[in-house]
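One structure below.
Just so it is clear, the model here is predicted, and its values are computed rather than measured.
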Amino acid sequence: MVIETDRLILREWHPSDIKPFVSLNADPRVMEFFPATLNRAETEALIATIEERLGQQGFGFWATELKGAKTFIGFIGLNVPGYPLPFSPCTEIGWRLAFDYWGKGYAKEGARAVLAYGFEKLRLKEVVSFTTVNNLRSRRVMEGIGMAYDAQGDFDHPNLPKNHPLRRHVLYRKMKRE
């Protein structure tokens, strides 16, 4: 399974992705809106989970590389969260790119292709995305791919403790056009 855009290839994960993904997850700029950076063991466990879901569902967070250069830059894809959310069941769209690749439109480009895949091939009726309230960069990507902010859907993330500063999340939605 491969999704191609003008500048990106979204594909299965390769062993050569581990080292750059470890660096990406250890970067505090990339992980600013996550509870913590991840070490190598945590990153390898995350890849194993992603690969398992890709195998089970036929979709997931695909490794993303620059076309031509074949440079791994992170992931973009779809996911069914493995924990209950107020709007479950759902399929979310998400991305995590290395800092050096921010601000170049890669997240939007890949996410648009993933939305098209989700609506056309998987026949999803809706895709959601969520992030902590202050993650304005991700919120701009959500808005840039046509997702609508659902203020009534804001929620406290169930995997974060009650007083955690990242607990409050915003919800964005995109419905399939009939």
Side-chain angles (χ1 to χ4, degrees), residues 3-11 17 20-21 23-38 43 46 50 59-67 69 71-81 83 85-88 90-120 122 124-160 164-177:
I3 296 174
E4 289 192 41
T5 70
D6 289 343
R7 302 180 296 165
L8 303 172
I9 297 174
L10 285 65
R11 56 160 173 79
D17 300 330
F21 197 46
S23 294
L24 183 159
N25 286 324
D27 186 337
R29 297 168 298 185
V30 173
M31 302 300 286
E32 176 182 5
F33 296 107
F34 290 88
T37 57
L38 303 179
T43 296
L46 176 57
I50 290 170
F59 64 88
F61 290 137
W62 290 289
T64 301
E65 70 179 42
L66 293 181
K67 223 181 220 184
T71 303
F72 173 88
I73 65 168
F75 71 68
I76 303 171
L78 297 168
N79 180 54
V80 175
Y83 45 87
L85 292 164
F87 41 89
S88 292
C90 64
T91 301
E92 68 168 315
I93 187 168
W95 46 85
R96 186 178 306 167
L97 301 181
F99 181 78
D100 290 345
Y101 301 98
W102 289 9
K104 300 175 185 343
Y106 295 132
K108 285 181 190 174
E109 182 176 327
R112 283 187 188 109
V114 165
L115 280 174
Y117 179 84
F119 290 137
E120 294 166 17
L122 301 176
L124 298 174
K125 302 253 186 271
E126 178 184 58
V127 174
V128 300
S129 194
F130 48 90
T131 188
T132 187
V133 173
N134 293 323
N135 188 348
L136 300 180
R137 288 183 299 273
S138 279
R139 292 180 74 170
R140 280 195 298 272
V141 173
M142 294 170 195
E143 291 163 3
I145 62 173
M147 299 191 90
Y149 173 50
D150 176 3
Q152 300 303 311
D154 288 359
F155 67 101
D156 291 332
H157 201 289
N159 291 347
L160 294 173
H164 196 285
L166 300 176
R167 187 158 197 238
R168 192 70 180 162
H169 275 55
V170 293
L171 176 66
Y172 282 74
R173 298 176 181 271
K174 183 162 179 92
M175 302 292 288
K176 179 181 180 179
R177 292 186 189 188

Kindly confirm or rule out a cation-pi arrangement of Arg137 over Phe33, judged by NZ or CZ under 6.0 Å from the six-membered ring centre and within 45° of its axis?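 No cation-pi geometry.
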
Distance-only, no hydrogens or angles: does the Thr37 side chain make a donor-acceptor pair with backbone N or O of Pro28 under 3.5 Å?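 Here the side-chain-to-backbone pair does not exist.
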
Is a donor on one side and an acceptor on the other found under 3.5 Å between the side chain of Thr64 and the backbone of Trp62?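 Here the side-chain-to-backbone pair exists.
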
Distance, nearest 0.5 Å, that separates [atom1] of [X] from [atom2] of [Y]:
{"X": "Glu4", "Y": "Glu65", "atom1": "CD", "atom2": "CD", "answer": "9.0 Å"}
{"X": "Ile9", "Y": "Leu66", "atom1": "CD1", "atom2": "CG", "answer": "9.5 Å"}
{"X": "Met31", "Y": "Arg96", "atom1": "CE", "atom2": "CZ", "answer": "4.0 Å"}
{"X": "Arg173", "Y": "Met142", "atom1": "CZ", "atom2": "CE", "answer": "13.0 Å"}
{"X": "Thr132", "Y": "Arg139", "atom1": "OG1", "atom2": "CZ", "answer": "9.5 Å"}
{"X": "Lys174", "Y": "Phe119", "atom1": "NZ", "atom2": "CZ", "answer": "6.5 Å"}

[Y] side chain reached by [X] side chain, heavy atoms, under 4.5 Å:
{"X": "Leu166", "Y": "Phe34", "value": "no"}
{"X": "Thr131", "Y": "Tyr172", "value": "no"}
{"X": "Asn135", "Y": "Val170", "value": "no"}
{"X": "Leu124", "Y": "Leu78", "value": "yes"}

Minimal non-hydrogen separation, [X] against [Y], with atom names:
{"X": "Ala63", "Y": "Phe72", "result": "CB-CE1, 3.9 Å"}
{"X": "Thr5", "Y": "Gly110", "result": "CG2-CA, 4.4 Å"}
{"X": "Ile76", "Y": "Leu97", "result": "CG1-CD2, 4.2 Å"}
{"X": "Glu109", "Y": "Leu8", "result": "OE2-N, 3.8 Å"}
{"X": "Glu92", "Y": "Pro81", "result": "OE2-CG, 3.8 Å"}
{"X": "Leu85", "Y": "Pro158", "result": "CD2-CD, 3.8 Å"}

Please identify each residue that fulfils side-chain contact (heavy atoms from CB on, under 4.5 Å) with Thr43, with sequence neighbours left out.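 Expected list: Phe21, Val22, Asn25, Leu38, Ile47.
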
Name all residues meeting the side-chain contact (heavy atoms from CB on, under 4.5 Å) criterion together with Pro35; count only those two or more places apart in sequence or in a different chain, and write none if there are none.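 For Pro35 the side-chain contact (heavy atoms from CB on, under 4.5 Å) partners, ignoring immediate neighbours, are Leu160, His164.
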
Given Tyr101 and Trp95, is the ring pair (Phe, Tyr, Trp, His ring centres under 6.0 Å) satisfied, shown in steps? CA-CA 12 Å; Tyr101 301 98; Trp95 46 85; over 10 Å; no

Can you name the residues that form a ring-ring contact (aromatic ring centres under 6.0 Å, His included) with Phe130, not counting sequence neighbours?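 Checked Phe130 against ring-ring contact (aromatic ring centres under 6.0 Å, His included); matches are Phe87, Phe155.
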
May I ask you to decide whether Asp17 forms a salt bridge with Arg11, counting only side-chain N to carboxylate O separations under 4.0 Å? yes

Evaluate the side chain to side chain contact (heavy atoms under 4.5 Å, CB included) criterion for residues Phe59 and Val80: first the C-alpha distance (whole Å), next the side-chain angles of each, then the deciding distance (0.1 Å), finally the verdict. CA-CA 9 Å; Phe59 64 88; Val80 175; 3.9 Å; yes

